K.L.:
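Here it is, the structure, as structure tokens.
Only a predicted model underlies this, so the values are computations on that prediction, with no experimental measurement involved.
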Amino acid sequence: MIFPCELKRGGTVLLTAPSSPLVPDQPAEAIAEAVERMGFRVKIGASCTARPSASGYTVPPEIRAKDINQGFADPSIDAIWCVRGGEAAWQVLPYLDCACIAAHPKPFIGFSDITTLHLAIQQRCGLVTFHGPTANRVLDWGGDNFSWPSLLAAMDLGKRRCIRNPPGEPIKILRPGRACGLLTGGNLSLVTHTIGTPGQINACGKILFLEDVGEEVYALERMLNQLQRSGVLESAAGLVFGPFSNCPNHRCADYGPEELLRDLFGHWPGPVLYNVRSAHCRPMVTLPLGAMCTIDGNAGTMTCRCI
């Protein structure tokens, strides 16, 4: 796997919207100004300002893909930062220029629906990408002194770095043991949707990270069961779960996502960690997907390093 060069202050960031279009109260210009105040030059991709297609909920995928392809090809661009998640990043996949992306490695940042692109870029281009906050979060980072340093630390991994949660949020242990492998995964719904497609997630011998938001507990169980029956979970060396935000159980309020995970994975053969705060939560940990990762289910630690 190729680890991209560190994004340094003064570098140029391309803002792109490969999933849903921006909402009126988060215009591209405001996000760009906020990123510039952090010490970066900014280019706004056409996907951030183009009109949605006839369907009304996305910009044409050719425009969104062109942003990404040109962002990697343009030597003046130092990083590509997705402005938001949403839906329909899958539409971009046929238009990605994977040879170009692989030939010009640079940081690619985002989460949620961006999981689709993380998996494609890792598996088709051999590039480490960053499961971190989308650029629109810069607009309301007031008081968040954790998320930005965590993103910078992930992009400047060095030889080895321990993944740390925000203060007061322990990494929980669901199963003991120790495992090492490339880190992959992202949003559970998006990972599950790859099953049976040419871009199906490859978790064999890897550390699989999963998180989600707004799903009922029964839906989480259904998706995890699909990953198990398809062989994805069984092929992984270790499992790491983020928080499952706003995932209620309307039938039994006392049985939430953590109880579900303990029941499903209490006897899993490898180590299992829970509550790694790289998800739909604030503050947010950034994870370098595609980097070598070691999890210790005895100590409750997670460490990443360049290969």
Side-chain angles (χ1 to χ4, degrees), residues 13-23 25-26 28 31 35 45 47-48 52 57-59 61 64-65 67-68 79-93 96 107-123 128-141 144 146-148 150-151 154 163 166 183-195 197 199 201 208-216 219-220 223-224 227 240-248 257 275-290:
V13 175
L14 174 69
L15 299 181
T16 183
S19 295
S20 296
L22 285 164
V23 293
D25 62 343
Q26 294 182 337
I31 297 173
V35 175
S47 60
C48 296
Y57 73 99
T58 61
V59 170
R64 290 179 276 146
D67 258 6
I68 295 172
I80 297 143
W81 199 355
C82 301
V83 291
R84 63 161 298 180
E87 59 271 333
W90 62 269
Q91 296 175 345
V92 172
L93 297 181
L96 290 180
F108 179 83
I109 309 160
F111 80 113
S112 194
D113 193 52
I114 309 304
T115 293
T116 298
L117 299 175
H118 283 308
L119 292 176
I121 292 172
Q122 291 160 45
Q123 295 183 177
V128 171
T129 60
F130 299 95
H131 187 269
T134 46
N136 62 346
R137 291 195 167 199
V138 178
L139 294 175
D140 55 1
W141 266 0
D144 182 354
F146 180 88
S147 298
W148 178 243
S150 178
L151 175 58
I163 302 298
L183 181 61
T184 191
N187 181 264
L188 171 61
S189 300
L190 275 300
V191 168
T192 305
H193 289 167
T194 69
I195 302 302
T197 72
I201 185 171
L208 177 60
F209 169 79
L210 298 169
E211 63 85 30
D212 218 319
V213 62
E215 298 284 353
E216 287 266 6
L220 299 178
M223 289 185 283
L224 290 167
L227 290 181
V240 176
F241 293 101
F244 290 84
S245 306
N246 302 317
C247 291
N275 198 44
V276 172
R277 308 290 291 182
S278 185
H280 292 77
C281 58
R282 298 168 189 261
M284 180 181 179
V285 179
T286 294
L287 298 178
L289 297 175

K.L.:
Who are the side chain to side chain donor-acceptor pair (under 3.5 Å) partners of T116, not counting sequence neighbours?
P.N.:
none

K.L.:
Parallel under 30°, tilted from 30 to 60°, perpendicular over 60°: which one fits the rings of W81 and W148?
P.N.:
parallel

K.L.:
Which residues satisfy the side-chain contact (heavy atoms from CB on, under 4.5 Å) test with L188, sequence neighbours excluded?
P.N.:
T192, L210, D212, L220, M223, L224, L227, F244

K.L.:
Any chance you could measure L93, atom CG, to L117, atom CG, to the nearest 0.5 Å?
P.N.:
6.0 Å

K.L.:
Please identify each residue that fulfils ring-ring contact (aromatic ring centres under 6.0 Å, His included) with H280, with sequence neighbours left out.
P.N.:
F111

K.L.:
Can you list the residues that meet the salt bridge (Lys or Arg N to Asp or Glu O under 4.0 Å) rule with R137, with sequence neighbours excluded?
P.N.:
none

K.L.:
Would you mind writing out the side-chain donor-acceptor pairs for residues 84-91 within the sub-3.5 Å range, not counting sequence neighbours?
P.N.:
from : atom 1 : to  : atom 2 : distance (Å)
R84  : NH1    : P21 : O      : 3.0
E87  : OE2    : S20 : OG     : 2.8
Q91  : OE1    : R64 : NH2    : 2.4

K.L.:
Of all residues at least two apart in sequence or in a different chain, which pass the side chain to side chain donor-acceptor pair (under 3.5 Å) check with D144?
P.N.:
S147

K.L.:
When rounded to the nearest 0.5 angstrom, what distance separates CG in L119 from CD1 in I201?
P.N.:
5.0 Å

K.L.:
Please enumerate all residues that pass side-chain contact (heavy atoms from CB on, under 4.5 Å) together with S150, with sequence neighbours excluded.
P.N.:
F146, V285, T286

K.L.:
Rounded to the nearest 0.5 Å, what separation is found between the OG atom of S47 and the CG atom of L14?
P.N.:
7.5 Å

K.L.:
Report the C-alpha distance between H118 and F108 in whole Å, list the side-chain angles of each, state the deciding distance to 0.1 Å, and finish with yes or no for ring pair (Phe, Tyr, Trp, His ring centres under 6.0 Å).
P.N.:
CA-CA 8 Å; H118 283 308; F108 179 83; 5.8 Å; yes

K.L.:
Which residues pass the side chain to side chain donor-acceptor pair (under 3.5 Å) test with E215, sequence neighbours left out?
P.N.:
S189

K.L.:
For N246, what residues pass the side chain to side chain donor-acceptor pair (under 3.5 Å) criterion, not counting sequence neighbours?
P.N.:
none

K.L.:
Without hydrogens or angle criteria, can the side chains of D113 and S19 be said to hold a donor-acceptor pair below 3.5 Å?
P.N.:
yes

